[in-house]
Amino acid sequence: MGKPDLTVNFAGIKMRNPLMVASGTFGYGEEYEELVDVKKLGAIVLKSVTLKPRQGNPPPRIVETPAGLLNAIGLHNIGVSALIREKLPGLRNLGTPIIVSIGGETVEEFVELIEFLTDAEGISGIELNLSCPNIGKRILAQDPAAAGKLLESIRKKCRLPLIVKLSPQVTDITEIAGTCEEKGADAISLINSFPGMAIDIETRKPVLGNTTGGLTGPAIKPLALKMVWDVCRVVKIPVVGMGGVMRASDAIEFMLAGAKAIAVGTALFSNPDIIEEIVQGIEDYLVQNGFASVSQIVGNLDGS
Amino acid sequence: MGKPDLTVNFAGIKMRNPLMVASGTFGYGEEYEELVDVKKLGAIVLKSVTLKPRQGNPPPRIVETPAGLLNAIGLHNIGVSALIREKLPGLRNLGTPIIVSIGGETVEEFVELIEFLTDAEGISGIELNLSCPNIGKRILAQDPAAAGKLLESIRKKCRLPLIVKLSPQVTDITEIAGTCEEKGADAISLINSFPGMAIDIETRKPVLGNTTGGLTGPAIKPLALKMVWDVCRVVKIPVVGMGGVMRASDAIEFMLAGAKAIAVGTALFSNPDIIEEIVQGIEDYLVQNGFASVSQIVGNLDGS
Amino acid sequence: MKQEILSNEEVAPGIFRMGIAIWKRIQSACPGQFVHIRCSSTFEPLLRRPLSIHEIDSNEVKLLYKVIGSGTKLLSEKKPGEKLDIVGPLGHGFNVEPSPESVMIVAGGIGAAPVLFLAHFLKAARKQVLIGARTGELILYEEEFKKLGFSVEVTTDDGSYGKKGLVSSLFEEFLKRETPAIVYACGPVALLKEVADTCGNCGIPCQVSIENQMACGVGACLGCVIKTKEKDGSTIYRRVCKDGPVFDASIVSWESLI
Amino acid sequence: MKQEILSNEEVAPGIFRMGIAIWKRIQSACPGQFVHIRCSSTFEPLLRRPLSIHEIDSNEVKLLYKVIGSGTKLLSEKKPGEKLDIVGPLGHGFNVEPSPESVMIVAGGIGAAPVLFLAHFLKAARKQVLIGARTGELILYEEEFKKLGFSVEVTTDDGSYGKKGLVSSLFEEFLKRETPAIVYACGPVALLKEVADTCGNCGIPCQVSIENQMACGVGACLGCVIKTKEKDGSTIYRRVCKDGPVFDASIVSWESLI
Ligand SMILES: Cc1cc2nc3c(=O)[nH]c(=O)nc-3n(C[C@H](O)[C@H](O)[C@H](O)COP(=O)(O)OP(=O)(O)OC[C@H]3O[C@@H](n4cnc5c(N)ncnc54)[C@H](O)[C@@H]3O)c2cc1C
Ligand SMILES: Cc1cc2nc3c(=O)[nH]c(=O)nc-3n(C[C@H](O)[C@H](O)[C@H](O)COP(=O)(O)OP(=O)(O)OC[C@H]3O[C@@H](n4cnc5c(N)ncnc54)[C@H](O)[C@@H]3O)c2cc1C
Ligand SMILES: Cc1cc2nc3c(=O)[nH]c(=O)nc-3n(C[C@H](O)[C@H](O)[C@H](O)COP(=O)(O)O)c2cc1C
Ligand SMILES: Cc1cc2nc3c(=O)[nH]c(=O)nc-3n(C[C@H](O)[C@H](O)[C@H](O)COP(=O)(O)O)c2cc1C
Ligand code: FES
Ligand code: FES
């Protein structure tokens with residue numbers, strides 16, 4: 001048998017393999033250049049940008065927890081204009097699809113962001129980060145009605161594949177995933193970090209400058225996997241699964257649960273070689289199990 | 001300075017210290033007798049019982065995950081009658097308060113359970129496990145309206161302190177916690193396990209006999225802590241905090257976040273000495289930081 | 001409880017024997033009972049690992065274990081002099097019948113671990129043990145059994161030592177010649193099932209030691225259950241850690257385990 | 001990248017020096033840059049640990065580190081011959097001015113780590129180093145500095161060696177007599193702030209190496225930022241791993257760090 005086919009057409013984005021890097025963990029695509037060969041990646045999702053540059057949260061911004069990382073970066077970013085001006089030109093000729101992640105506080109902000117980006121050169125897709133603070137108490141990802149409205153306002157304006165990234169801190173993730181599909185999302189990205197907290201018992205203060213943060217890394221993998229499985233059974237659009245993928249077997253678990261693509265985030269921090277290891281590991285798995293292409297394992301779960 | 005005062009009056013339950021064992025991890029109070037001195041405990045919460053005995057889920061029922069344990073026991077229990085007949089007599093004279101955890105599928109079942117228990121001898125409190133499958137798609141803990149109705153139906157019938165145990169898999173834990181307080185709950189227990197999943201990539205089957213399970217242990221501690229902190233800022237009734245407490249500092253974090261009592265579950269499995277270690281650790285912390293009683297650290301968090 | 005490790009040696013490829021300083025409660029352990037060990041002081045792995053008691057003498061408890069994954073790997077790296085976090089004895093062991101006419105032990109692979117301890121307790125006019133392993137190097141303690149008055153027969157999958165073949169086949173053949181009063185079996189579940197089936201067919205009482213993932217190890221969490229049959233034909237879940245690990249082979253629902 | 005550990009010794013109580021086989025990219029490292037090390041193959045700890053480059057010679061990179069928590073503990077247990085998962089050089093190091101008249105290094109505690117490497121690069125008519133530590137045993141590499149042509153003065157908190165007192169006070173006294181053209185400082189943030197304040201008051205350029213928790217180490221995650229001042233008085237967050245760890249002391253918002 002020849003080499004298995006690893007290519008994936010993810011909502012129209014042609015990827016050489018199903019592995020992406022998760023937004024916010026790979027900066028603007030250039031920071032890792034000495035350590036990671038981006039040509040080995042299926043796609044790059046950039047750090048979420050907002051309309052205007054943002055300073056983000058006060059430090060400390062990160063703290064380790066058992067098998068996890070709690071972060072409160074707070075959308076620190078250079079803004080969409082600087083992204084287009086300073087970063088995209090260098091990324092255009094990599095041959096690896098670039099997905100721009102965007103965040104906003106109002107529908108108008110999202111609309112403006114889409115307008116900025118939809119004609120920019122060298123972008124293969126847009127990821128909507130719905131975990132940004134909303135007008136109300138909740139984030140958009142926790143409010144299916146508001147998320148639906150947002151999608152109605154931007155769908156027509158956006159000519160690029162539109163991936164909606166959801167938060168796991170909801171009662172029923174399939175509800176909002178369903179709404180997004182209905183309102184025209186091309187794909188779903190699951191999951192963003194889980195809200196969490198750490199306290200320094202000596203100072204009796206929260207460890208993070210922002211008091212609370214988001215938990216990522218291997219600790220949350222079982223939770224992320226369940227959400228991907230739940231969502232993949234109700235939507236038809238493709239899903240990119242993430243949350244604690246640390247090695248090839250994790251990536252394969254997500255694909256068996258139904259994810260057409262997977263992303264690594266936190267794992268990069270401890271092991272920049274993870275990209276090559278996972279791609280190789282998936283290939284080996286396909287060979288060992290007699291699959292001709294990676295698409296054959298997507299959702300290929302017995303007895304559930 | 002003398003020994004600090006560790007006693008806690010938790011919703012009327014007089015505890016020698018704030019440490020409980022979490023439901024389902026300490027059986028019916030007798031299984032650990034050779035390894036744990038129950039007289040060192042503040043209170044014992046028994047495995048959830050239902051009206052009729054239940055077989056629980058098919059094995060495999062447990063699987064380890066990074067810093068976590070995924071379980072799908074499925075309310076395997078001997079039923080309330082056997083509990084009263086066979087287990088309570090042996091527990092009555094321990095001098096450690098016994099809290100009976102109950103689960104049911106309908107309001108009527110809960111009502112019957114309460115009727116069985118409210119006059120039984122040797123019970124100091126009742127914990128309502130709202131994470132049992134409900135009539136609909138959701139569990140009670142994910143449906144504030146249904147949970148509110150349940151409380152209305154049982155509150156008057158129950159003469160014992162009523163602790164409501166909530167699930168973390170909700171959009172906003174404070175909503176249901178508020179409803180429970182309003183409807184007469186005496187205390188809130190936070191949190192039950194997070195829904196999760198694991199897949200065996202060799203067999204391409206879910207690892208657990210029940211497909212999905214609940215994640216517990218240190219992996220979820222940052223998430224549990226945030227929920228306790230969130231709830232303690234909106235309700236006035238006391239909270240027992242749990243989820244990944246593995247050592248004294250974890251317990252103290254939960255108390256600083258506002259929990260009046262804490263419980264250990266998964267930690268017992270790896271370290272039955274945890275009870276004494278935590279009680280001692282809390283005492284040492286109080287001494288080192290000049291607190292005369294454990295109540296002084298409850299909610300004593302700076303700058304948040 | 002922390003006990004000192006007295007020795008820890010690789011006795012066959014991938015198989016280690018560890019000696020641990022004895023403590024009070026372990027001295028009254030029954031064969032088939034196990035100890036529960038914390039292999040790491042971190043959360044990887046989070047749970048303890050169950051290992052059968054392999055032998056107990058006046059000053060040490062011996063364990064025989066195979067390196068399988070992270071827990072046993074960490075165990076194999078421990079050095080004499082270090083302290084081991086160990087709990088036990090736990091579980092329900094073998095029922096040792098006072099003095100049957102003949103007893104038979106069937107041990108496959110690392111299944112040899114608990115049966116050597118068992119062998120010390122068995123009193124019978126005729127004592128037979130059948131030991132099977134993948135290859136000759138893994139046949140352990142043949143001599144010890146002989147010293148205890150057992151007739152020993154050996155099979156290896158590759159024929160490098162003893163007879164070539166599976167120990168379950170050897171057992172079947174054996175039954176054509178003799179009928180032991182009681183059979184004790186340890187090893188992979190496929191072997192146990194075959195031995196159980198054969199004994200069932202011949203009406204020979206048989207006890208098996210079953211393995212499963214465990215959390216608490218004391219019967220509290222209900223995590224380690226297997227399906228077993230009641231007399232009325234219904235099935236119930238029983239705990240390997242408390243109701244077992246040794247079960248009467250006739251009550252085990254073998255279909256559910258394979 | 002995996003590199004072989006050549007040595008790993010406790011050079012003072014709780015302080016280790018590790019030698020690691022050199023690799024290509026590290027040979028062009030600048031003083032003040034760091035390497036990022038995975039201390040465990042498990043998830044405890046999950047993140048890498050940053051350590052400054054202490055010295056580089058023809059065949060090895062040396063690190064000098066203090067055992068603080070789980071990561072450095074695991075590091076201290078590694079043996080020569082083992083492979084270390086190490087990445088680097090990373091970060092923005094010291095700006096070495098071509099040849100100022102005089103240079104001054106102020107090092108507190110384990111802050112001595114990067115400055116010895118720096119000392120190799122400094123060329124000036126007058127080179128002074130002030131070293132402070134808790135106690136005499138922790139004063140490391142006094143001789144090395146001397147060999148490199150530095151005048152060395154030492155303080156210890158307990159007075160067991162050199163002058164009794166804080167190195168920041170020694171520095172202040174020193175400035176009454178002399179004015180170095182440039183100051184490089186490493187050590188606890190309280191020391192750095194005092195040195196920075198003093199230099200600010202006297203108008204002496206000062207570079208400081210700052211520590212912070214890191215995740216990616218390459219500037220991608222924005223987890224390691226500190227607050228810094230812009231010329232217009234506004235503040236922005238800069239990354240310790242990429243914009244630092246060495247910063248011009250005048251731009252650091254010291255209030256936010258103490
Ligand atoms: C009562 C009892 C007594 C035992 N006695 C011995 C003994 O004397 N000598 C010995 O070598 N082994 C014995 N075992 C098996 C031993 O407990 C496992 O090999 C060990 O737990 C594996 O841990 P690990 O971390 O090395 O592997 P892991 O990484 O946990 O597991 C590797 C693989 O083994 C499977 N596995 C893990 N634990 C068990 C288990 N308890 N039972 C079955 N499969 C498992 C996992 O599903 C996984 O596929 C006994 C098990 C039980 C339940
Ligand atoms: C650029 C840079 C260069 C460094 N160079 C050296 C060096 O050459 N030699 C040396 O001994 N140390 C150096 N450090 C500090 C070293 O990285 C920490 O001591 C180490 O990460 C602690 O890890 P641990 O797992 O042992 O402790 P942990 O268990 O992670 O932490 C123990 C305590 O130290 C704090 N801490 C952890 N990491 C850091 C950190 N990076 N900065 C400040 N506080 C921290 C934690 O908040 C905690 O309170 C450097 C740090 C940075 C950022
Ligand atoms: C430091 C950090 C920054 C992140 N920033 C963003 C972000 O800007 N936008 C976003 O959608 N997700 C962000 N995330 C979430 C990740 O994209 C991803 O959803 C999450 O980390 C789970 O994957 P992991 O466990 O593999 O890291 C961030 C995560 C981390 C750790
Ligand atoms: C094996 C197991 C069984 C459990 N059974 C119950 C149960 O019957 N009722 C209940 O309310 N919670 C049950 N729980 C949840 C615990 O009570 C507790 O909420 C959870 O484990 C989080 O705490 P921990 O991380 O300290 O274990 C169970 C948890 C475990 C691990
Ligand atoms: S392992 Fe907990 S009941 Fe057996
Ligand atoms: S550690 Fe990631 S930006 Fe500095």
Side-chain angles (χ1 to χ4, degrees), chain B residues 21-36 44 46-48 53-78 207-209 213-219 221 244 246-247 265-274, chain C residues 1-2 23-26 28 33 35-50 69-71 85-91 189 210-228 230 234-243 252-253 255-257:
Chain B
V21 282
S23 178
T25 64
F26 206 70
Y28 301 111
E30 59 192 18
E31 292 82 353
Y32 265 105
E33 70 190 349
E34 287 183 358
L35 302 181
V36 171
I44 297 172
L46 303 182
K47 168 78 187 164
S48 298
R54 285 173 69 125
Q55 288 261 26
N57 289 327
R61 289 182 171 181
I62 52 172
V63 56
E64 277 175 299
T65 68
L69 172 65
L70 202 50
N71 87 79
I73 310 297
L75 277 188
H76 179 167
N77 79 94
I78 59 173
V207 175
L208 295 173
L215 187 67
T216 65
K221 198 203 74 180
M246 301 303 280
R247 44 185 188 190
T266 306
L268 276 167
F269 304 156
S270 55
N271 179 19
D273 295 339
I274 185 85
Chain C
M1 204 180 47
K2 304 260 187 171
W23 60 101
K24 194 156 189 303
R25 282 192 53 228
I26 200 81
S28 50
Q33 285 195 298
V35 290
H36 217 189
I37 294 176
R38 192 165 173 198
C39 303
S40 161
S41 59
T42 74
F43 304 139
E44 287 180 54
L46 185 62
L47 299 175
R48 288 174 178 267
R49 295 294 185 254
S70 62
D85 186 342
I86 186 168
V87 161
L90 299 172
V189 69
I210 293 203
E211 296 188 359
N212 203 357
Q213 306 278 10
M214 289 184 183
C216 72
V218 299
C221 75
L222 307 175
C224 64
V225 300
I226 56 163
K227 196 183 256 188
T228 61
E230 294 287 87
S234 66
T235 59
I236 62 165
Y237 293 123
R238 286 180 201 264
R239 299 162 299 185
V240 169
C241 71
K242 184 79 179 178
D243 307 314
V252 174
S253 164
E255 316 78 67
S256 71
L257 293 181

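Worth saying up front: this structure is predicted, and the values here are computed from it rather than measured. Below, chain A is the first sequence line, B the second, and so on; all start at residue 1.
Contact between Ile73(B) and Gly223(C) at its shortest, heavy atoms only, is CD1-CA, 3.7 Å. Closest heavy-atom contact between Leu46(C) and Leu69(B): CD2-N, 4.0 Å. Considering every non-hydrogen atom in both Gly56(B) and Tyr237(C), the closest pair reads O-CE1, 3.9 Å. Residue Ile236(C) comes nearest to Gln55(B) through the heavy atom pair CA-OE1, 3.6 Å, listed as atom of the first residue, atom of the second, then distance. Closest non-hydrogen pair, Glu31(B) versus Val218(C), comes out as CB-O, 3.5 Å. Shortest non-hydrogen contact noted between Ala220(C) and Thr25(B) is CB-O, 3.9 Å.
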Mind running side chain to side chain contact (heavy atoms under 4.5 Å, CB included) on Tyr32(B) and Cys216(C) for me, showing each step along the way? CA-CA 9 Å; Tyr32(B) 265 105; Cys216(C) 72; 3.3 Å; yes

Salt bridge (Lys or Arg N to Asp or Glu O under 4.0 Å) evaluation trace for Lys242(C) with Glu30(B): CA-CA 12 Å; Lys242(C) 184 79 179 178; Glu30(B) 59 192 18; over 6 Å; no

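Scored by the side chain to side chain contact (heavy atoms under 4.5 Å, CB included) test, Val189(C) finds Trp254(C), Leu257(C), Ile258(C) as partners (sequence neighbours excluded). Taking the side chain to side chain contact (heavy atoms under 4.5 Å, CB included) definition, one finds that Arg247(B) meets it with Ser249(B), Asp250(B), sequence neighbours left out.
Listed options Pro58(B), Pro60(B), Pro66(B) were ranked by heavy-atom pairs under 4.5 angstrom with chain C; first place goes to Pro58(B).
The closest donor-acceptor contact from the side chain of Arg61(B) to the backbone of Leu222(C) lies under 3.5 Å.
For Asn71(B), no part sits under 4.5 Å from any heavy atom of chain C, backbone or side chain.
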